[in-house]
Every structure is written in C-alpha cells, then in structure tokens.
2 protein chains.
Amino acid sequence: MPQETFFNLPDVKRNLIISAAMEEFSTANYNTASINQICKKSNIAKGSFYQYFTDKLDLYVYIMTLAIEEKIKFFSTVLAEFHTLTLLEQIRLLFIKGIEFAKSHPQYAALGEQFSKENDESAKLSVMKEGDRQSESLFMEMIHNAKSKGEIDNRVDPLALSMMLQSLNSAVNGYMLNKFGNIRYEYNKEDINNFVDSLLDIIFNGIQSREGDYHE
Amino acid sequence: MPQETFFNLPDVKRNLIISAAMEEFSTANYNTASINQICKKSNIAKGSFYQYFTDKLDLYVYIMTLAIEEKIKFFSTVLAEFHTLTLLEQIRLLFIKGIEFAKSHPQYAALGEQFSKENDESAKLSVMKEGDRQSESLFMEMIHNAKSKGEIDNRVDPLALSMMLQSLNSAVNGYMLNKFGNIRYEYNKEDINNFVDSLLDIIFNGIQSREGDYHE
DNA sequence: TGACATTATGACCACTCGGTCATATAATAT
DNA sequence: ATATTATATGACCGAGTGGTCATAATGTCA
C-alpha cells in the first residue's frame with residue numbers, strides 16, 4: 001500500500017500519478033514498465049515517487065487492486081439478481097456485461113489483459129493475494145445450481161463446462177477489443193448481442209444437426 | 001535469417017546456441033530475454049553472436065520459425081487424412097494432437113505460449129510475416145466443409161464456432177500444461193481423453209437437458 | 001613457411017533500469 | 001522570528017541492456 005504521504009496529496013496530483021501509472025501498466029508488463037516514464041508523465045521527481053510508494057511492486061499491486069475493485073463494483077448489481085435467473089440468462093449477462101465493462105472502462109480492461117499475460121510470477125502472486133479469485137468458483141457455483149434445477153443435462157462435465165465458459169469469456173472480450181477497439185459501443189450493440197447469442201446457442205443446443213425449432 | 005557463418009558452425013555448437021536461445025525465449029518475452037544470458041549459456045562471446053545474427057530480432061524470428069516448422073511437421077500427417085473424417089473426429093484429433101505436441105515438445109509449446117503473450121508488436125509482426133497464419137482459417141474451412149455435408153446445424157454461426165474452437169484449443173493446452181506439467185503423459189492419457197470428450201460432447205450436443213441417449 | 005580469408009574474443013559504448021540520499025523548499029506551530 | 005515537521009528534488013549508484021570494433025586466434029590455400 002502507498003504511504004500516507006500519497007493520500008495527503010491534492011486530488012489532481014494524486015490522480016495524475018494514478019493515471020500515468022495505469023497508462024504504463026496497461027501498455028507494458030511488470031518488468032518492462034518504467035518508473036522513470038511514470039515520473040515523467042506525471043511530472044514528479046523520482047525521489048518523490050519513492051516517498052509515495054515503497055517500490056515498483058507496491059505501485060503495481062495498488063494499481064491492479066484499483067482495477068479489480070472497479071470491476072467488482074461494475075458487476076455487483078448484476079450478481080445481486082443472479083438467483084432469479086436461469087443459467088442461460090446468467091451466462092448471457094456475464095458475457096454482455098464483460099464486453100460493456102471493457103467498452104466503458106477500456107483502461108481497466110487493458111490492465112486486466114496485461115495482468116492475464118503477466119510473466120513475473122511474484123508480481124502476479126502479490127496481486128492475487130490482495131483480491132480476486134472469485135471468477136473461477138463463480139462459474140462452478142452457477143453450474144452446480146443449474147444442474148440441481150435440471151437446467152442442464154446430467155452428462156455434462158462441470159469442470160469441462162467451467163473451463164469452457166472461462167475461456168470463452170476472456171476470448172470474447174479480447175476478440176471484441178481487437179475488432180471494435182476504436183468504434184463507439186452503441187454502434188455495435190446489435191452485432192455484439194447477436195454474436196453472444198450465437199455463442200450461447202452453440203453452448204446450449206450444440207452444433208449437431210437438429211430438426212425443428214429450439215425445444216426450449 | 002542468420003548469417004552463413006552460423007550454418008558453417010559444427011552441429012554441436014550451433015545446436016547449443018539454438019537450445020540456449022530457446023530456453024531464454026520460452027522463459028522470458030522478447031524485451032526481457034537477454035542476449036548476454038544466451039551467450040553465457042552457450043559459451044560464446046558476445047562478438048561471436050553478432051557474427052551469427054544481425055540483431056536480437058533476427059535470432060527471435062529464427063527461433064520462432066523453427067518452432068512453427070516443428071509444429072507444422074507434427075500436424076502434417078494428421079491434416080493429410082482430414083478429408084476422410086467427420087468434423088467431430090477432426091476437432092477431436094486436433095485437440096488430442098495439440099496436447100500430445102505440448103507433451104512431447106514442451107520447449108516448443110512454451111515458445112508458443114510466450115509468443116501468444118508477446119507484447120512487442122514489431123517482434124510479433126516480424127514472426128508472423130515469416131510463416132503461420134493457417135490455424136485461423138483451418139477451423140473456418142473445417143466448419144464450412146461440415147456444414148455443406150450437413151454435419152452441423154444450419155443455425156450455427158461459423159464465426160462464433162471458429163472463435164470458440166480456437167479459444168478452447170489454446171485453453172485446453174494451457175490447462176493441461178499447468179495441470180500435468182511435470183507428470184509423464186502416458187499416465188494421464190485416459191484422463192485427457194475423457195476431458196476432451198467431455199468438451200466435445202458439450203460442443204456437439206449442447207448442455208441443455210436432453211432425453212434419452214445421444215441421437216447421433 | 002607465408003599470405004589471406006574466416007572466425008573468436010571481450011573490453012567498451014551509450015543508454016536505461018530500480019532505488020537511494022543529502023539537501024532544499026514549503027507548511028505549520030510556537 | 002524560530003524551531004519542527006512534511007514534502008520535493010535530481011544527482012548518483014550499481015547493474016544490466018543491445019550492439020560495436022580493434023585485435024587475436026584459427027584454418028586454408030600456395
């Protein structure tokens with residue numbers, strides 16, 4: 001955690017440092033990101049930086065924690081109404097909300113992307129000790145719930161499905177980010193919904209030839 | 001491409017350099033990987049290195065190209081008999097072979113992992129200019145083939161399915177690598193087969209409750 | 001043996017890195 | 001005005017980076 005000095009800073013200055021750091025860590029990985037650059041971008045002296053943060057790792061964990069908190073806040077309203085929904089609706093909501101988050105918080109999304117690619121194990125561990133961990137078990141919980149309600153077939157392997165959903169979730173985000181990175185979200189809302197529904201259709205109905213209409 | 005001098009080297013020495021470089025590039029990303037370390041590991045002087053390769057990028061592209069060629073060689077026999085198989089068999093074969101490749105060529109697999117996480121865009125571009133590109137269109141081709149044969153439902157979105165397969169393919173590999181990284185492959189052959197089949201079952205039949213047996 | 005081309009070497013260059021520290025400045029309290 | 005505390009600063013450190021180059025060693029002909 002940053003020193004008290006950092007939080008005593010005027011808001012403008014503190015936010016400047018934060019956004020400079022976010023820019024750096026969303027562009028480069030832990031080892032490549034440069035404290036010097038962050039200092040330059042935020043117009044503070046090197047010595048000042050080390051009065052706010054004990055070291056590079058301290059800053060890294062702080063920034064990543066901010067991103068995680070923002071994401072949790074964004075998803076909290078969704079999760080609250082989860083128990084009223086079917087598995088299809090739940091997954092759909094998670095996918096759509098994930099894309100929405102990336103659209104409305106591109107900086108945070110880029111930080112998450114970087115983090116998932118991070119090479120430095122100790123940096124990764126330090127961040128994970130601080131928060132998160134829930135998304136993995138979230139899917140598992142959803143699956144078990146749905147199974148007990150008879151929403152999904154008994155033959156489905158929960159572990160395989162969970163891995164599948166996790167993988168798809170991040171793939172969809174990455175895909176959308178690359179594809180529509182610079183276009184305004186509103187414009188593609190329909191496309192995105194259609195794409196997500198196509199994915200869900202595969203997951204729920206399979207790809208094998210089937211006769212007639214959806215037998216839902 | 002390396003200089004002629006490099007290929008004139010005695011096999012032992014040349015291979016030592018190659019394996020030292022592979023070790024480095026499978027552990028660190030492009031910017032973090034160190035020429036100095038590679039020289040130390042392979043017992044050559046810095047000056048010698050720069051008589052073999054024009055610069056770091058030259059070495060990087062060369063090493064990655066070797067890995068790609070090895071992977072293509074490994075898959076070529078499989079691809080040759082593809083036209084005789086159903087989509088299910090094709091996908092199954094790709095998944096299983098992918099895991100086998102990672103097991104029997106862990107170094108190459110690690111290089112691929114690193115490459116997929118690479119931050120340096122110019123390094124990535126240089127490698128892609130040199131080879132590859134096929135896996136993306138391979139899935140699409142398979143899907144269109146299967147559709148024309150009536151193997152999969154008309155309602156399935158080819159793009160969504162292609163992305164799904166790609167994503168799952170790499171996820172399965174990463175998952176297996178993490179899970180069984182240090183255990184011998186033979187030991188888990190059954191587990192792996194079962195897991196892949198669970199995934200394929202979901203893809204082909206969906207997860208929605210269905211009555212009776214597989215209606216294949 | 002001597003001439004010539006090929007390969008090997010490591011000190012050296014300019015640069016960047018994360019981190020330190022003595023010192024200067026500003027703010028607050030007495 | 002003085003003493004005390006909190007903040008700001010940038011030169012400096014040791015280490016590592018990719019890359020260069022004059023020089024030394026080796027191999028190959030005549």
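Letters A, B, ... are given to chains in the order of the sequence lines, protein chains preceding strands, and every chain is numbered from 1.
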query: Taking for each residue the nucleotide of DNA chain D with the nearest heavy atom, is it B:Gln51 or B:Lys56 whose nucleotide lies nearer the 5' end?
result: B:Lys56

- line: In numerical order, the residues of residues 11-39 of chain B whose heavy atoms come under 4.0 Å of DNA chain D are B:Ala33, B:Ser34, B:Ile35, B:Asn36

message: Students should find this one: the first and last nucleotides of DNA chain C, 5' to 3', lying under 4.0 Å from a heavy atom of chain B. What are they?
response: C:dT7 to C:dG10

query: Have B:Glu89 and B:Thr86 got a donor and an acceptor in their side chains that come within less than 3.5 Å?
result: yes

- request: Measure up the B:Phe6 and B:Phe53 rings against each other and bin them: parallel (under 30°), tilted (30 to 60°), perpendicular (over 60°).
  value: tilted

- prompt: Any donor and acceptor pair, going by atom type alone, linking the side chain of B:Arg92 with main-chain N or O of B:Val196 inside 3.5 Å?
  reply: no

task: Indicate yes or no: does B:Lys97 engage B:Glu100 in a salt bridge with an N to O separation below 4.0 Å.
output: yes

Interatomic distance, A:Ile192 atom CD1 to A:Glu190 atom CD [nearest 0.5 angstrom]: 11.0 Å

query: Is it the case that A:Lys56 places NZ or CZ above or below the six-membered ring of A:Tyr30, under 6.0 angstrom from the centre and within 45 degrees of the axis?
result: yes

task: Looking at every strand, decide which applies to B:Tyr52 at a 4.0 Å heavy-atom threshold: base, sugar-phosphate, or nothing.
output: sugar-phosphate

- prompt: Within the structure shown, what part of the strands sits under 4.0 Å from A:Thr5 by heavy-atom distance: base, sugar-phosphate, or nothing?
  reply: sugar-phosphate

task: For the residue pair B:Phe115 and B:Tyr60, categorise the inter-ring angle as parallel (less than 30°), tilted (30 to 60°) or perpendicular (more than 60°).
output: tilted

field: Closest heavy-atom pair and its distance - B:Glu24, B:Lys41
entry: OE1-NZ, 2.9 Å

field: Between P of D:dG19 and CG of B:Leu59, the distance in whole Å
entry: 10 Å

- request: Runs of at least three consecutive Watson-Crick or G-U pairs, both distances under 3.5 Å, are what I'm after; which ones involve DNA chain C?
  value: C:2-29 with D:2-29

